[in-house]
Amino acid sequence: MKILPKKRMTVAKGLKVWVTNHYMPTLFGIRGHYESSYKSGQYVETVAPGTGFFVRNSSSHAYKNYCKAQRLKLVPKYWDMVRGDEFDFDIEMDRANKALRETKNEEKARILESYVNVLPLAKEAEMGEKIIQGIKDLGHRRHKLTSYQSHVISNYKSRIARLGHDVRDIQLSVAKLCDEERYNHFANVVIPFTELAASHRIWHSREAYDKLDSAFEQVYFDMGIFDFIQAPLMTPVMRDSIGQSFYLYPDFLIVSRDSVDFDVYGLQDITFLFREVPYDMISNMVLSSYADSPDESSSSSSSHRHHRNYDDFGSGLLVSKDTVATNEMEKESKLRERVVGELFMPEIKTRFYVRDMRALKHFVTALNEYKRL
C-alpha cells in the first residue's frame with residue numbers, strides 16, 4: 001500500500017530524485033497529431049490510459065462544466081492513493097488478462113489482447129515521465145539543471161519516444177481491419193457526427209433501465225479513443241446517462257462500461273432509426289446535471305427542469321417556422337408544436353434525443369448509407 005506521496009529513486013548513476021507515487025496521466029499511445037489538441041481542444045483521459053476524448057470548442061456552459069469535472073478526476077488526491085482508488089497499471093493488467101481469458105467474443109478478444117500488450121509499455125512510459133518531472137523539480141529548486149541532469153532527461157525522453165514507436169506495431173489499427181476504400185467512405189459518417197456532437201441539447205432516455213421513473217438526462221457526444229485503438233480518422237463516441245460510452249468504428253460498435261467491461265456489436269447487426277418526436281413528450285422529464293448558463297446554476301440541483309416557456313427555450317425545436325394559422329383563433333394563440341430528433345438503436349435498447357434535428361438526420365442518413373455499401 002502506498003503511504004508517502006513521493007519516493008526517492010536512483011534514476012541514473014549518482015543521481016537520486018523524488019518521484020511521485022501518484023498515477024500520472026500521459027499521452028502515450030495517442031496518435032501524434034492528436035496529442036495536444038483536436039480543433040483547439042485538449043485531450044482528456046477517462047477510465048484508463050488509452051481511453052479518452054478531445055474537448056471541442058463550445059459555447060455551452062454545461063459542456064464546459066462537464067469537461068472541467070472530467071479533468072478534476074485526474075487531479076492527484078492523497079487519500080485516493082492511500083485507499084487504492086487511483087489507477088494502477090498492475091491491477092489493470094490483471095483485470096485485462098482475466099477479461100481476455102473469460103471472453104468468447106472474437107472481436108472483444110482481439111481488442112483486449114492489444115490492450116494487454118500495450119499496457120506494459122504504457123507503464124514504462126509513465127514511469128519515465130515521472131522521473132523526468134522529478135529531475136525537473138531539482139531544477140526548480142536550484143534554478144538550473146546541470147548538464148548531466150539534462151543529459152539524463154534526454155535519455156529518458158528518447159526511451160519514451162522508442163516505446164511510442166514500438167507501440168504502433170502492437171496497437172489494434174482499425175485501418176488494417178478494413179480496406180482503404182471502405183475506410184474512406186467511413187469519413188462520410190465521421191463528418192456529420194462532428195456536426196451532431198456540437199448540438200447544445202442531447203438527451204439520453206433512461207426508460208430501458210428505470211421503468212418507474214422514465215427520465216431524459218443531458219449527455220454529450222465527442223470524438224475519442226478506446227483502449228489504444230488507432231484510427232486515421234477520429235472515433236465518434238456517444239455517452240448515455242448510466243455510464244456507458246458507445247464507440248463507432250467502420251465495422252463494429254463498442255458499448256463500454258469501462259476499459260475491460262464492454263460489448264462489441266457488428267455494425268450491420270445494429271439498426272439506427274431516426275424519427276421526429278414532439279418535445280412536449282419529454283419536456284417534463286428532462287433532468288440536467290449541469291447548468292447551461294450562469295442563471296441556471298441554482299436550478300441544476302433540482303431533479304427536474306421544466307421548459308414550459310417555449311420562447312425562452314428558443315426556436316430550435318419548431319416543426320415549421322412557416323406554418324400559417326388557418327383561423328383567427330390559431331393566430332391569436334400562436335400554437336407551435338416543437339419537435340426533437342430521436343435516434344433509436346433497438347438491439348441495444350438505447351434512445352437519444354437531439355435538439356438539432358437536422359444534424360441528427362444527416363448523421364443517421366449517412367450512417368445507413370454507409371452500411372449499405
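Worth saying up front: this structure is predicted, and the values here are computed from it rather than measured. Every heavy atom of this structure was used, including side-chain atoms; hydrogens, water molecules and symmetry mates were not.
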How many angstroms lie between atom [atom1] of [X] and atom [atom2] of [Y], to the nearest 0.5 angstrom?
| X | Y | atom1 | atom2 | value |
| --- | --- | --- | --- | --- |
| F221 | S245 | CZ | OG | 10.5 Å |
| L100 | E113 | CG | CD | 6.5 Å |
| N21 | E86 | CG | CD | 9.0 Å |
| K130 | I135 | NZ | CD1 | 14.5 Å |
| T46 | Q70 | OG1 | CD | 6.5 Å |
| D240 | I202 | CG | CD1 | 12.5 Å |

[X] versus [Y], closest heavy-atom pair with distance:
| X | Y | answer |
| --- | --- | --- |
| A48 | Y115 | CB-OH, 3.5 Å |
| K64 | S58 | CE-O, 2.9 Å |
| M81 | I3 | CE-O, 3.7 Å |
| Y156 | G128 | CD2-CA, 4.3 Å |
| L253 | I348 | CD2-CD1, 4.0 Å |

Query - R56 to Y220, cation-pi by 6.0 Å centre distance and 45° axis angle - result: no
Query raised in the report: Between K371 and F272, is NZ or CZ placed under 6.0 angstrom from the six-membered ring centre and within 45° of the ring axis?
Result: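 Because its charged atom misses either the 6.0 Å distance or the 45° angle limit, K371 does not stack over F272.
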Sidechain N-carboxylate O distance under 4.0 Å for [X], [Y]:
| X | Y | value |
| --- | --- | --- |
| E106 | R110 | no |
| E124 | R159 | yes |
| R95 | D261 | no |
| K123 | D90 | yes |

Short side-chain to backbone donor-acceptor contact, [X] and [Y], under 3.5 Å:
| X | Y | result |
| --- | --- | --- |
| S256 | I254 | no |
| Y23 | F89 | no |
| D269 | Y265 | no |
| Q171 | G29 | yes |
| E126 | M24 | yes |
| T235 | A231 | no |
| T51 | D227 | yes |
| Q133 | V19 | no |
| H204 | S241 | yes |
| K104 | E102 | no |

For [X], salt bridge (charged side-chain N to carboxylate O under 4.0 Å, His left out) partners two or more places apart:
| X | value |
| --- | --- |
| E129 | none |
| R239 | D222 |
| D251 | R182 |
| D263 | R257 |

Query raised in the report: Passes side chain to side chain contact (heavy atoms under 4.5 Å, CB included), F53 versus C67? Steps please.
Result: CA-CA 10 Å; F53 69 98; C67 295; 4.0 Å; yes
Query - Distance-only polar pair, side chains of H200 and S59, donor-acceptor under 3.5 Å - result: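 Result is yes, a qualifying pair exists.
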Query raised in the report: When you check the side-chain N and O atoms of E342 and Y353, is any donor under 3.5 Å from an acceptor?
Result: yes
Enclosure of [X] [atom1] (heavy-atom neighbours >12, cutoff 6.0 Å):
| X | atom1 | result |
| --- | --- | --- |
| K77 | NZ | yes |
| E181 | CD | no |
| K157 | NZ | no |

Requested in this report: Please state whether the rings of F262 and F226 are parallel, tilted or perpendicular, taking 30° and 60° as the class boundaries.
Outcome: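 Ring orientation, 0 to 90° scale: perpendicular.
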Query raised in the report: Do H185 and Y370 have their ring centres less than 6.0 Å from each other?
Result: no
Report task. Show which residues join L4 in its hydrophobic cluster (side-chain heavy-atom contacts under 4.5 Å, direct or indirect), or state none. Result -> none
Requested in this report: For the pair S259 and E92, evaluate side chain to side chain contact (heavy atoms under 4.5 Å, CB included) and give the outcome as yes or no after the intermediate values.
Outcome: CA-CA 9 Å; S259 55; E92 183 72 358; 2.4 Å; yes
Report task. Give the intermediate values and the outcome of side chain to side chain contact (heavy atoms under 4.5 Å, CB included) for residues V339 and M357. Result -> CA-CA 8 Å; V339 298; M357 190 171 57; 3.7 Å; yes
**Report entry** Evaluation steps, side chain to side chain contact (heavy atoms under 4.5 Å, CB included), between Y43 and I225
**Finding:** CA-CA 10 Å; Y43 173 74; I225 184 172; 3.6 Å; yes
Enumerate, atom names and distances included, each donor-acceptor pair closer than 3.5 Å involving a side-chain atom of residues 360-367, sequence neighbours excluded.
{"unit_1": "H362", "atom_1": "ND1", "unit_2": "E195", "atom_2": "OE1", "d": "3.3"}
{"unit_1": "T365", "atom_1": "OG1", "unit_2": "K361", "atom_2": "O", "d": "2.8"}

